[in-house]
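The structure under discussion appears below in the form of structure tokens.
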There are 2 protein chains.
Amino acid sequence: MVVGYRTYLDLIAPLLAGKTVEASAMMQEVDRCRRALALAGEGRVVALVCGGDPGIYAMAGLVFELAEHLDAPPAIEIVPGIAALNACAALLGAPLMHDFCAISLSDLLTPWPVIERRLAAAAAADFVIVLYNPRSKRRTWQIGAARDIIMAERPPSTPVGIVTAASRAEERILLTSLAALPEAEIGMQSTVIVGNSATRVIGGRMVTPRGYGGKYRLAPA
Amino acid sequence: MVVGYRTYLDLIAPLLAGKTVEASAMMQEVDRCRRALALAGEGRVVALVCGGDPGIYAMAGLVFELAEHLDAPPAIEIVPGIAALNACAALLGAPLMHDFCAISLSDLLTPWPVIERRLAAAAAADFVIVLYNPRSKRRTWQIGAARDIIMAERPPSTPVGIVTAASRAEERILLTSLAALPEAEIGMQSTVIVGNSATRVIGGRMVTPRGYGGKYRLAPA
């Protein structure tokens with residue numbers, strides 16, 4: 001059977017024909033994982049569906065943490081998927097050709113000073129930076145604070161890509177600059193990618209060169 | 001038509017039936033991308049195949065860099081895929097539940113001091129660290145140097161996962177510790193994931209808690 005958040009199950013409706021399905025509301029992650037484990041404990045084969053890749057900022061870890069407390073935990077297999085960082089990078093061009101960090105700006109489960117320290121370290125060491133959970137209705141100031149921390153190390157003109165609702169009907173792709181980032185349209189379904197010192201915009205796409213240009217002649221002779 | 005490195009094309013042989021295919025040897029990335037662009041320039045629809053996700057340390061960027069020098073560059077679409085970090089995380093458990101960095105240890109295109117600075121920054125800011133290109137026949141000392149830099153900030157017992165040839169017949173999954181990392185079997189097809197200060201081994205799987213345990217009761221009452 002299949003367990004998951006209703007919105008995600010709706011996206012894969014054609015795959016669910018003939019299956020027993022339990023859809024749940026948003027923000028019930030712990031209950032949802034517990035329920036999937038309980039059903040598996042009864043001997044069923046249960047698929048717990050989440051958005052993106054279950055292994056990146058998603059529910060795989062919670063399942064293992066909850067299973068740890070069971071007398072007879074079921075066998076658990078994680079099936080990888082296309083995470084927001086994979087999907088958004090592809091839509092923007094090729095921003096993740098070199099070393100990068102993923103940082104969530106949500107301070108619901110992580111203290112802000114920890115997030116701040118990671119932003120500063122990533123900016124100073126010239127990582128491309130993928131920002132998860134950049135803004136929500138209640139968390140509005142974090143993206144501006146992140147911009148200020150990164151801009152202490154990088155030019156205001158650094159390319160920034162924003163993808164909202166990747167590969168859904170309402171998908172939006174936006175290229176802007178680090179300076180203008182806080183004014184951009186960013187919501188709960190957005191992922192932000194901040195370029196490193198080498199990232200350029202080539203023909204409207206965001207590209208971080210890997211370094212081939214230093215070793216091979218890329219321009220015609 | 002389809003252009004790619006022979007080994008990767010062999011992996012998708014069933015998908016190539018009836019298609020025109022141009023397979024090339026290893027290490028010919030620039031020639032391969034140039035050839036794909038030339039064929040597209042002749043009006044063909046060309047798929048350039050690479051391993052993992054073309055957008056993560058792969059060939060998407062090179063294609064844009066080469067296309068920049070063309071008078072009439074073809075339309076380019078990047079199709080995202082399961083990168084080594086997605087696949088290896090899933091096989092190890094759930095190590096990427098929290099902020100992480102990807103760092104390539106290959107100093108063929110990147111100077112070692114840049115790599116060293118990124119390792120130190122990632123270690124100090126408590127990122128989970130994914131190491132790409134950890135070792136090859138000719139690059140043997142980098143993994144030990146990386147271990148030393150990270151261990152200056154993290155306990156020797158920090159969990160480390162190593163996946164070699166993910167999802168191929170010869171796949172190997174190994175859990176070890178930061179201290180023992182340089183002695184582990186690591187090759188050109190390996191990806192290494194170093195845990196952060198919260199990463200634990202739960203039932204033989206590598207798990208980085210997201211922080212739900214601080215907010216919700218995960219153990220039974």
Side-chain angles (χ1 to χ4, degrees), chain A residues 29-30 53-58 60-69 73 76 78-83 86-87 89-91 93-94 96-104 109-110 114 117-118 120-122 124-127 202-203 205 207-216 218-220, chain B residues 29-30 53-58 60-69 73 76 78-83 86-87 89-91 93-94 96-104 109-110 114 117-118 120-122 124-127 202-203 205 207-216 218-220:
Chain A
E29 292 95 344
V30 177
D53 184 330
I56 296 190
Y57 293 115
L62 189 50
V63 170
F64 288 113
E65 285 187 83
L66 289 165
E68 187 179 14
H69 301 291
I76 299 169
I78 308 298
V79 179
I82 303 294
N86 304 93
L91 290 166
L96 303 184
M97 286 296 103
H98 215 306
D99 303 334
F100 67 92
C101 293
I103 302 175
S104 167
L109 298 176
T110 304
V114 173
R117 184 160 59 102
R118 289 181 180 156
D126 202 25
F127 283 97
I202 300 179
R205 312 297 275 276
V207 178
T208 303
R210 176 82 184 270
Y212 288 99
K215 202 167 172 181
Y216 303 92
L218 300 184
Chain B
E29 292 94 346
V30 177
D53 184 331
I56 296 191
Y57 292 116
L62 189 51
V63 170
F64 287 114
E65 285 187 83
L66 288 166
E68 185 179 16
H69 300 291
I76 299 169
I78 308 298
V79 179
I82 303 294
N86 304 91
L91 290 166
L96 304 184
M97 288 295 103
H98 216 307
D99 303 336
F100 66 91
C101 294
I103 302 176
S104 168
L109 298 176
T110 305
V114 172
R117 183 161 61 105
R118 289 182 180 155
D126 203 25
F127 283 97
I202 300 179
R205 312 295 277 274
V207 179
T208 303
R210 177 82 185 269
Y212 288 100
K215 203 166 171 182
Y216 303 93
L218 301 184

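Proteins come first, then strands; the chains are lettered A, B, ... in the order of their sequence lines, and each starts at number 1.
- Atom-to-atom distance recorded for B/I103:CD1 and B/R118:CZ is 8.0 Å, nearest 0.5 angstrom.
- Contact annotation for A/A124: only backbone heavy atoms (N, CA, C, O) come within less than 4.5 Å of a heavy atom of chain B.
- Applying the ring-ring contact (aromatic ring centres under 6.0 Å, His included) rule to B/F127 yields no partners; only residues at least two apart in sequence or on another chain are considered.
- A search for side chain to side chain donor-acceptor pair (under 3.5 Å) contacts involving A/D53 returns B/N86, not counting sequence neighbours.
- For B/P54, the part lying under 4.5 angstrom from a heavy atom of chain A is the backbone only.
- Using a 4.5 Å cut-off between heavy atoms, B/S104 contacts chain A through both its backbone and its side chain.
- Annotation: the span from A/H98 atom NE2 to A/D126 atom CG amounts to 9.0 Å, rounded to 0.5 Å.
- No other option in A/L109, A/V114, A/T110, A/D99 has as many heavy-atom pairs under 4.5 Å with chain B as A/D99.
- Taking A/G55, A/A60, A/A102, A/A94 one by one and counting their heavy-atom pairs under 4.5 Å with chain B, the maximum is reached by A/A102.
- When each of A/G93, A/P73, A/A89 is scored by its heavy-atom pairs under 4.5 Å with chain B, the top score falls to A/G93.
- For the set B/P209, B/G203, B/A83, the entry with the most heavy-atom pairs within less than 4.5 Å of chain A is B/P209.
- Note: A/M97 CE to B/Y57 OH = 10.0 Å, rounded to the nearest 0.5 Å.
- Across B/V63, B/L66, B/V207, B/I202, the residue that shares the most heavy-atom pairs under 4.5 angstrom with chain A is B/I202.
- Ring-plane geometry between A/F100 and B/F100 is classed as perpendicular, the angle between the planes exceeding 60 degrees on a 0 to 90 degree scale with a lower cut at 30.
- At a 4.5 Å heavy-atom cutoff, the contact between A/A58 and chain B is made by backbone atoms alone.
- When each of A/A122, A/A67, A/A121, A/C101 is scored by its heavy-atom pairs under 4.5 Å with chain B, the top score falls to A/C101.
- Pairing each heavy atom of A/A90 with each of A/R205, the nearest pair is O-NH2, 4.2 Å.
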